[in-house]
Amino acid sequence: MALLAAVSAPGHIHAVHGFLAAGKTTFARQLERDLPGLRFNTDEWVVALHGPDLGPEEFPGAARGITAELDRLWPRAAALGLHVVLDYGFWARRHRDALRAQAAALGVPLTLYALSVPADEARARIARRNREPGALHLSAEAYDRLWPRYEPPDADEAVVWVPQPDR
C-alpha cells in the first residue's frame, strides 16, 4: 500500500462559480476533459431524473436532494486522489466558505474558478438553451427572480477569473 500511495497523484477540487448562463458548465466540461477529472453537476442530474421542465416549486427540492447525494460522493473521489470538478455555481459566499473549510478538512487543494457575462448575454444564452432538446428550461423571468441570491466573489476570495471566448 505504501508503494501505491507514493505513486498516486493527490486529489484536487476545482469549483466553478458564476450566475445563470455564465458558461460554467461549458468550462467545467472542458476542465473535466483536460485534467482529466470527475465532474459533478446538479442540473444535469435533475434533468436526467425529473426531466427538463420542473416548475419553480419542484426544482429546489429536487436539486437539494441530488446535491446532497453528490456531496456524499465527490469528497471520497477527491480523497482518493481524483480531480473533482464541482459545477454547482456556488452563488453564496457562505457556500464558498463552507467548501474552503471542507477542502481544508480533507487536506485537498481547492481552486475556485469564476465566470461572468453581462445580463443581456446571459439572457440570450438562456433563450438558446431553452430551444435545445433535454436542456433544463428556465423562464424568461428566472434570471431577474434569482439574481438577488447571487453574491459575486469578494476581494478577499482567491478566485481564478475565466475569460469568456469570443462568440
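Residue numbers count from 1 along this sequence. These numbers come from a predicted model, not from an experiment.
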Check: Residues two or more places apart in sequence or in another chain: which of them pass salt bridge (Lys or Arg N to Asp or Glu O under 4.0 Å) with Asp156?
Finding: Arg93

Check: Measuring from Arg125:CZ to Asn130:CG, what's the distance to the nearest 0.5 Å?
Finding: 14.0 Å

Margin query: Under the rule for side chain to side chain contact (heavy atoms under 4.5 Å, CB included), what residues qualify as partners of Val162, not counting sequence neighbours?
Written below: Phe27, Tyr113, Leu115

Note to self: Just verifying a value: how many Å separate Thr25 OG1 and Asp87 CG, rounded to the nearest 0.5 Å?
What the structure shows: 3.5 Å

Next item on the list: Using modelled atom types only, decide if a donor and an acceptor are shared between the side chain of Arg149 and the backbone of Trp91 within a distance under 3.5 Å.
Entry: no

Notebook entry, point to check: Thinking salt bridges, do Arg29 and Glu44 make one under a 4.0 Å N-O criterion?
Noted result: yes

Next item on the list: Would you check if the distance from the ring center of His17 to the ring center of Tyr150 is below 6.0 Å?
Entry: yes

Notebook entry, point to check: Which distance, rounded to the nearest 0.5 Å, do you find between the CG of Leu112 and the CG of Leu86?
Noted result: 10.0 Å

Checklist line | CZ (Arg76) with more than 12 external heavy atoms under 6.0 Å | finding: no

Notebook entry, point to check: Between Asp71 and Tyr88, does a side-chain hydrogen bond (donor to acceptor under 3.5 Å, both in side chains) hold up when you go through it step by step?
Noted result: CA-CA 11 Å; Asp71 284 350; Tyr88 285 14; 3.0 Å; yes

Item checked: Sequence neighbours excluded, every pair satisfying side chain to side chain donor-acceptor pair (under 3.5 Å) that has a member inside residues 48-60 -> Asp53-His137

Check: Is it true that a side-chain atom of Arg96 and a backbone atom of Phe90 form a donor plus acceptor pair closer than 3.5 Å?
Finding: yes

